[in-house]
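We're numbering straight along the sequence, starting at 1.
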Amino acid sequence: MRTSLAIILLIGLAGCSSFEPWVKPYERENLADPIMAFDSNPASTAYMNHVYEAREAARGAEGSAGGGCGCN
């Protein structure tokens, strides 16, 4: 019982230790590379989502906020 309590306590204390960020400031330029983007052309993807929402009369069907008839 004491051993398991000591192990749980040590694991809990290990979570309180300080940590460094995983990505260093000089490595962030690699993550900002366009090849890391989810889609190759975000402008055309946004336009096609807008067209899809207007055609299907389902404003917000792609996960954006809002809803209803699509009237502004």
Report task. Would you mind listing the cluster partners of Met48? Hydrophobic ones only (ILVMFWY), side-chain contacts under 4.5 Å, chaining allowed. Result -> Tyr47, Val51
Requested in this report: Output all residues satisfying side chain to side chain contact (heavy atoms under 4.5 Å, CB included) with Glu29, sequence neighbours left out; order by chain, then residue number.
Outcome: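 In terms of side chain to side chain contact (heavy atoms under 4.5 Å, CB included), with neighbours along the sequence ignored, Glu29 is linked to no residue.
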Report summary line: Across all chains, not counting sequence neighbours, the side chain to side chain contact (heavy atoms under 4.5 Å, CB included) partners of Ile7 are Thr3, Ile11
Report task. Calculate, to the nearest 0.5 Å, the distance between atoms CG and OG belonging to Asn49 and Ser44 respectively. Result ->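 Between Asn49 CG and Ser44 OG, I get 9.5 Å after rounding to 0.5 Å.
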